[in-house]
Amino acid sequence: MSKIPQVKNRSAAAIQITAEQLLRIAHNQGIERVEKAPTQFITDREELALYQQTKRKDFEDQLRRSRQHIGIWCKYGLWEASQKEYERARSVFERGLDVDYRNQTLWLKYADMEMKNKFVNHARNVWDRAVTLHPRVDTFWYKYSYMEEMVGAIDNARTVFDRWMAWEPEDLAWAAYIKFEMRQNQIDRARAIYERYIALLPTCRAYLKYAKWEENLHQKALARGVYERALSELHPHERTEKLLVSFARFEERCKETERARMIYQYALTQLESGDQSDDVSELKKEFIAFEKRHGSKHSIENAIVSQRREHYNNLLQDDVYNYDTWFDFIRLEESESDAEIVRTVYNRAVACVPPVQEKRYWRRYIYLWVNYALYEELLAKDTARTREVYRGALQVIPHKVFTFGKIWLMAAHFEVRQKDLAAARKLLGQGIGMCGKENIFKGYVELELQMGEIERCRSIYAKYIEKMPHNCAAWRNFAQLEATVGEATRARAIYELAASQVDLDMPETLWRAYIDFEVSEAELDRARALYERLLERSGHVKVWIAFALFELEYGGSGSDNSENSSAEESKSGAVSHMEAARAVFNKGYDVLKSQGLKEERLLLLESWRDAEAAALQQAAVGEGEEAPSREHLNAVEGRFPRKIKMKRAVFAEDGVTELGQEEYFDYIFPDDEKKIVGMKLLEQAMMWKKAAAAAAAANASTNDDGEGNSGVQGGAEGEIDIDMDASDNESHSSRSSKSSNNSGDASALGKRKNENNDD
């Protein structure tokens, strides 16, 4: 037994052949060419009989194998008919009908064979049997009636149609019957058929066909009667938009514009109020187009408003919480509709309460209530409805979660406009008790202040600061109220109580107001004491600057001597003011220096310099030709720092991994440089380097050895740059460590300089 050869190389061949190439080669070479059967020529009856016997035997064999195959029966019968053997053909078709009489194709082939060979009575018998057995197959009725009409048997064709109509077929059958009568010019018969048609099938489609047919015959009155019968006889579900639009278009074609307008208006009223309110878009478009063609300006505007109203309704069906759409819809109704329709739209809008109790979702919604109340008050002039709107808005808002102070204030102001002050106070009291929002307190105080009720204002402010003890604005306004009515002691007590609070939101504004109050009361010593207390608490540079400017303006005295003073006293007072300001500036500078705050010291120096310059300018203007002294200004300018660029390491969030270095600016103050010894040495080294480089450049033109000297000096310069980088890299450490590092670098640099001198 031979072994199956094993394929060793399973890789793809170098030349690939596709199936398409194989087929092309086989076709070109004729490998699978099938020879055609030879053409037979029958010359005598014996050959014909033999041929027919062979074909019949073939068909019978096929039928014995597949008796249910209707296609074989049809081919067999048509072949017998082609051989002029009509009896045999009928026999074959009858045998086929015995097998399956429900097959429509077999009946059609049978009848077509009879008609093609002009056996009309036989065909009539076949069609009669077909429509009797299959009365719901419209094809048999069509062909039967058409055959009778083609052979000129009009009465027989009409009889066929009548038999067909007795089965109440679909619309196309009635249309075929009517067209048959129209071809015979029997208009009355056709109209009678239409009457039977709409009586048996009372549909919108049937009436529209009938009316259009009458219109084509130029019977406008009859066509109008059909439309009117449709509106009265049809079921309400059949009175569709299409029927009414067709009726209106018919009247428009008849130049009856008023009739057409009334039909459109009737259609809009009926369909919008019925079950088909969602299917009127086409009707509205037609109405708008009609008004544009035939209407007046007012009617066109009404049609456009209706279209916009429909557009807004469609948008709100998609998203009922789109409050911008509600605003647009309401503005449209306010400009075009009466009060009841506007109220209906407002009620629909405010009924769409946001499903989430978060204030950001309610901000647009609450303005629906605001606009509703303003509409009722200003446009509708209905006080009772306005009060109900405000009450409804306050009931809807979840006050335990959040509230809207503007609603409380608007409701209270409305009651004030109605001269019901008790109701306004009751509303604001409820607002304070339920939510205690800041703007409610402010509005309540403003209302009582306008009424001149100071005691009530005090009570409200007491509740205010009890509710919000951290609110500096409440303390400040309360104290300002007392100061306004001349109660300085009360105001000072309120300021003291506020300053003693631990947690304040904006304490700087409170202290500023307290100091301004004492200054306005000419209590300069108290104001100075307040500055001292504030500096003990914060020590901010702006407080130092403000204190100094205060001393510059009011001086070291505790009373206001700006009036009834001579020129010498004014001059000496100005000098004492400046001296007091300098004392504050010096003290502040020392404090900030001890705290290591460089930028704050610079800011203080800038303010100090501006104050000295302003004082110098005033002195120059006052003394005339005598030149003022600039010693103080020069002293201040001498304290200004130098701005240098340095480098420091940048670390990752873990504080260990070094990411690189970054540049930053630092300030070196003159009074701090004596502590940094290394920096002085570095500056001297840089000066020596520049002097050595200048000497080398001078000797290069006369001495050839200058290149060697410059090489030595270049090496020293490179070492100095490295040391400067080392000093910069260590600048992120403390000031003491930087001083020691700079000193070490400077000493090393001094050693290198001595070595270079020895060389």
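The model shown is predicted, which means the values in this text are computed figures rather than measured ones. Because only heavy atoms are used, hydrogens play no part in the values below, and waters and symmetry mates are left out as well, while side chains stay in.
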Aromatic rings [X] and [Y]: how do their planes relate, parallel, tilted or perpendicular, breaks at 30° and 60°?
| X | Y | value |
| --- | --- | --- |
| Phe402 | Phe404 | perpendicular |
| Tyr375 | Tyr346 | tilted |
| Tyr312 | Phe329 | tilted |
| Phe414 | Tyr390 | tilted |
| Phe585 | Trp608 | parallel |
| Tyr464 | Tyr461 | parallel |

**Request:** Go through the steps to decide whether Arg458 and Val485 satisfy the test side chain to side chain contact (heavy atoms under 4.5 Å, CB included), and finish with yes or no.
**Result:** CA-CA 12 Å; Arg458 286 171 179 158; Val485 297; 4.0 Å; yes

Using a strict threshold of under 4.0 Å (side-chain N to carboxylate O), is an ion pair present between [Y] and [X]?
| X | Y | result |
| --- | --- | --- |
| Arg630 | Glu612 | no |
| Arg385 | Glu388 | no |
| Glu448 | Arg425 | yes |
| Asp590 | Lys587 | no |
| Glu606 | Arg609 | no |
| Glu376 | Arg387 | no |
| Glu334 | Arg331 | no |
| Arg648 | Asp666 | no |

**Verdict with supporting geometry, Leu374 and Met410, side chain to side chain contact (heavy atoms under 4.5 Å, CB included)** = CA-CA 10 Å; Leu374 294 177; Met410 290 181 66; 4.0 Å; yes

**Heavy-atom closest pair, residues Val445 and Cys457** = O-SG, 3.8 Å

**Asked** Taking all non-hydrogen atoms of both residues, which atom of Ala611 and which atom of Leu552 are closest, and how far apart?
**Response** CB-CD2, 4.1 Å

**Steps toward side chain to side chain contact (heavy atoms under 4.5 Å, CB included) verdict (Leu597, Val541)** = CA-CA 10 Å; Leu597 304 175; Val541 63; over 6 Å; no

**Message:** Would Arg417 and Glu377 count as a salt bridge (Lys or Arg N to Asp or Glu O under 4.0 Å) here? Give the steps.
**Reply:** CA-CA 11 Å; Arg417 288 192 294 271; Glu377 182 182 2; 2.8 Å; yes

**Request:** Dump the intermediate steps for ring-ring contact (aromatic ring centres under 6.0 Å, His included) on Phe550 and Tyr554, then the final yes or no.
**Result:** CA-CA 6 Å; Phe550 167 78; Tyr554 297 103; 5.2 Å; yes

**Full working for salt bridge (Lys or Arg N to Asp or Glu O under 4.0 Å) between Arg492 and Glu482** = CA-CA 9 Å; Arg492 188 174 291 110; Glu482 297 293 352; over 6 Å; no

**Prompt:** Can you list the steps and then say if Trp362 with Tyr365 is a ring-ring contact (aromatic ring centres under 6.0 Å, His included)?
**Reply:** CA-CA 5 Å; Trp362 286 65; Tyr365 167 74; 5.4 Å; yes

From [X] [atom1] over to [Y] [atom2], what is the distance, rounded to the nearest 0.5 angstrom?
| X | Y | atom1 | atom2 | answer |
| --- | --- | --- | --- | --- |
| Tyr514 | Leu534 | OH | CG | 12.0 Å |
| Ile515 | Leu524 | CD1 | CG | 12.0 Å |
| Met506 | Leu504 | CE | CG | 11.0 Å |
| Ile460 | Leu449 | CD1 | CG | 9.5 Å |

